[in-house]
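Notes follow the structure.
Just the heavy atoms: all of them, side chains too, but no hydrogens, waters or symmetry mates, feed the values below.
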Amino acid sequence: MQGGRRGGLQGSAAERPTTEVARRAGTLLAGEGSGALNPPPRRTPLPRGWAIEERSGLEQQRRGPSLAPPPAGLGCAQSVTLSLCRRSSAVSCALAPVAAVPVAALADAGTMAATDIARQVGEGCRTVPLAGHVGFDSLPDQLVNKSVSQGFCFNILCVGETGLGKSTLMDTLFNTKFEGEPATHTQPGVQLRSNTYDLQESNVGLKLTIVSTVGFGDQINKEDSYKPIVEFIDAQFEAYLQEELKIRRVLHTYHDSRIHACLYFIAPTGHSLKSLDLVTMKKLDSKVNIIPIIAKSDAISKSELTKFKIKITSELVSNGVQIYQFPTDDESVAEINGTMNAHLPFAVIGSTEELKIGNKMMKARQYPWGTVQVENEAHCDFVKLREMLIRVNMEDLREQTHSRHYELYRRCKLEEMGFKDTDPDSKPFSLQETYEAKRNEFLGELQKKEEEMRQMFVQRVKEKEAELKEAEKELHEKFDRLKKLHQDEKKKLEDKKKSLDDEVNAFKQRKTAAELLQSQGSQAGGSQTLKRDKEKKNFF
Amino acid sequence: MSKGLPETRTDTAMSELVPEPRPKPAVPMKPVGINPNLLGYIGIDTIIEQMRKKTMKTGFDFNIMVVGQSGLGKSTLVNTLFKSQVSRKASSWNREEKIPKTVEIKAIGHVIEEGGVKMKLTVIDTPGFGDQINNENCWEPIEKYINEQYEKFLKEEVNIARKKRIPDTRVHCCLYFISPTGHSVPLEWWQWLSGGGHGGSDTPPPLGPSLRPLDLEFMKHLSKVVNIIPVIAKADTMTLEEKSEFKQRVRKELEVNGIEFYPQKEFDEDLEDKTENDKIRQESMPFAVVGSDKEYQVNGKRVLGRKTPWGIIEVENLNHCEFALLRDFVIRTHLQDLKEVTHNIHYETYRAKRLNDNGGLPPGEGLLGTVLPPVPATPCPTAE
């Protein structure tokens, strides 16, 4: 590997994070102040994969690593830009803005492409050099300012048996006393208790939600212990999915309740993981970022601890449990994350009591045989946990939750409902077709149901109508009958009346006849026979 | 812009200092001004640094559209804004190329980088706008293009297996170039004609330069789907008084016609934003700009400018023109906000409209069980 050009290095701007690389580069190119360039007396070997490029004026930056031998005889006037690039995966490197002699028109030295931009570049965009300061490097600041004004939210789930110190650890991590009473061991089933707090530090506001399991591991039959936890996590994903699929949605002000990190508390037995732990972690590893920690680790001695950790990690690996790995692709945190990954699971102690040790007040636990300091790295891994969870990887945890776990859930859920993506060509349409089909099905069913109901209604109406008609008919008949009866009776009565009248008439006639006879009989007895004959004749 | 949260739970009851663990080399630097040995420091504010790093790693997209009649200096201005040749000037076109018969949409992407921040800038040019004899509906291709970008994004978002980072081609900002010599008959003139306004006097109200009817129509249609920033082009043809008068007139006409340009009043989030934006809306906008990519020597410095027999117009001199204001506004302070308004408001409006057009299912009901109808052949009616 070629040694670097000697050139004065201007100090990097105060806000750029200094990294190992930059420091190394600095030592390599220890400036000679005034800028007289001499070829280096000895070649300082560069680590593999590093190359130093040279660029003058507004030349485009060459992509990809290459070894450029420093041309001899470069004068002071030549400006040298250093860009350090890594051969393997794209990474944002340290910046080393350089000018042996300040050149007004030179843009700041660039970093190498991140994978996304590199891909886009490959798609036909060319990089255009800038002839001056435009000002969009304030864009991350603008973005950050907006996020700060909106506030952040972070949700932690603590899973572990009762009495392992979950609440105490949360109190210790966030330096506050969160509310809540300790749970008893007599819970009938596993429940989840969730609380939200607003924390503020300098100008950053954080909405912190802490969810704890209550009654985990207390039952006799623990087969279903993991189910409430999985359901809870799924419920948060579901709520987000519903919000995302709404027609009128407000995603940018939506309070994200998805669990970003799950701290799994392992009991400090010193031997191995319990089967309950294995089963639960296996169920949770595809849904949430799991960070296993050994709780109450002041119960284990140092030597036992190393053995315990090794046993745990080997058990996790052999059972295929995917715990959260701190990301090592970003240059600035790769190293620390890498070392921390080796220390998993963290052995922690929680304490909110303060004791005077030396001349300072510290969080500690007092025993007759000594005092365990929480923030002493030799005593426990609490500081590591806080570092990893909050100070280095909080954003990554949130992003992993959204881009990996949530996407997986969403994909499964939508596929379950019958929506499919087929091949890239018909991608825009297949979903439409499935939606269309589903909708038509749905509408068709609705229509069918409506038809059925209508028919039923019509039928009922008909029946009722028929019934009524019959009733009406009956009534009519009855009426007719009655009428007839009435008439018959009337007729009978009239007949009787008539016959009675006839009789009365007959009687009257006989009466008059009798009277007449009597009067004639008294006058002439002789004409009686005549009259009698006449009467007889009359009578006949 | 930080909001103070009402509830503070950081416990300040604990008294003395706790020794900070020895700093690791890669721990991001804490914000200046905060004593890292402060008791009870949790480290929540490091999330700012984490977020900044992440966003710098993924890079940004920005799509800017320039609309205006030809010859108003659109490409020059964009090149001046981004200090690089991102837009091909019309004069460099081949003479044999015909003037386009309809409005064409040309999108050219570039990757520019500054201070470690990589940005994919896409400049969308609209040659042919307003150049024909009959310019009716010349905004339709533009509206169609904008809606197509929303549609693309929506389709990707609705996919089951979707990309981690959906490529964003939506138009974030539309610079509309107003010619400084346009005329139209303003409302007060009609009022005077019908015997109403201007104090009932006999003399008609003065007719000065103002927006053309085409400008009004375009902005009316498009202010609802995209962020429009009106810009007065070739401002070196106006004196200072003429400039301020023209600006006032333009503002009034826009207001009278109900055209909301960016920053829109209704999207001001808090009082601070409102006062800041009010000031911009009522005093500075529309920006009167001059564009140039040639450098001249003025007072020993090299500046961008236009050389005339009566002097050199310095582009970045605030006394000469408002280019610096426009640049600061669009790039240095409101770039992110432009993207956010596009994403949170314009895109959501489009999406709601699209998903609602499918049978009148009530809003709020989920997408599951509804249908994404096929894209209508004519541009989607803009949401009122």
Side-chain angles (χ1 to χ4, degrees), chain A residues 17 92 95 108 110-111 114 116-117 120-121 125 127-128 130-132 134-140 142-145 148-149 152 174-176 197-206 242 245-248 252 332-333 335-336 361 383 390-391 394-395 403 411 414 417 421 428 432 435-436 439, chain B residues 1-3 5 7-9 11 15-16 21 24-26 28 34 40 42-48 50-52 54-60 82-84 86 109-120 155 159-161 164 331-332 335-336 344 352 355-356 363-364 366-368 371-372:
Chain A
S92 71
L95 305 171
D108 293 347
T111 61
D116 292 350
I117 301 287
Q120 284 172 1
V121 167
C125 294
T127 317
V128 178
L130 294 176
V134 177
F136 62 85
D137 53 351
S138 63
L139 196 47
Q142 293 179 33
L143 179 62
V144 161
N145 280 340
V148 164
S149 66
F152 301 93
F174 292 103
N175 274 331
T176 17
Y197 309 97
D198 274 322
L199 300 177
Q200 171 119 5
E201 200 166 67
S202 58
N203 59 340
V204 178
L206 180 73
Q242 286 302 324
L245 292 179
K246 267 201 203 153
I247 292 185
R248 279 186 213 291
H252 58 285
S332 46
V333 293
E335 201 189 301
I336 180 175
M361 294 292 282
V383 170
I390 301 175
R391 296 187 191 172
M394 195 176 349
E395 186 57 29
S403 60
R411 204 170 31 236
L414 289 182
M417 309 223 17
D421 283 344
Q432 264 179 279
Y435 277 61
E436 184 86 49
R439 183 184 167 230
Chain B
M1 280 196 276
S2 60
K3 290 199 215 269
L5 290 176
E7 247 184 298
T8 35
R9 278 185 155 267
D11 200 343
S15 40
E16 257 100 312
K24 313 266 183 326
I34 303 294
I42 304 170
I44 297 178
D45 46 1
T46 53
I47 195 171
I48 296 181
Q50 298 173 30
M51 188 175 242
R52 181 183 282 133
K54 248 197 206 309
T55 47
M56 276 179 58
K57 195 167 141 213
T58 49
F60 300 91
F82 292 102
K83 289 217 167 51
S84 53
V86 287
H110 299 276
V111 174
I112 50 179
E113 191 197 324
E114 186 181 57
V117 178
K118 251 192 176 9
M119 182 156 92
K120 177 163 183 288
K155 282 225 167 72
N159 258 343
I160 292 186
K164 201 161 175 168
I331 298 179
R332 293 186 191 171
L335 193 64
Q336 182 60 28
N344 290 334
L355 298 180
N356 245 339
L367 191 60
L368 307 172
V371 166
L372 206 60

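In plain terms, the two heavy atoms of Gln336(B) and Leu143(A) that are nearest each other are NE2-CD1, 3.1 Å. Contact between Lys54(B) and Glu395(A) at its shortest, heavy atoms only, is CD-CG, 3.9 Å. Contact detail for Thr55(B) and Pro140(A): the closest heavy-atom pair is OG1-CB, 4.2 Å. Between Leu139(A) and Met119(B), the shortest heavy-atom contact is CD2-SD, 4.2 Å.
Separating the CD1 atom in Ile47(B) from the CE atom in Met394(A) is a distance of 4.5 Å, to the nearest 0.5 Å.
Without hydrogens or angle criteria, Gln50(B) side chain to Ile390(A) main chain gives a donor-acceptor distance under 3.5 Å. Listed for the Gln142(A) side chain is a donor-acceptor partner under 3.5 Å among the backbone atoms of Arg332(B).
Between Val204(A) and Ile48(B) the shortest side-chain heavy-atom distance falls below 4.5 Å.
Contacts of Phe152(A) with chain B are made by side-chain atoms alone, with heavy-atom separations under 4.5 Å and no backbone atom involved.
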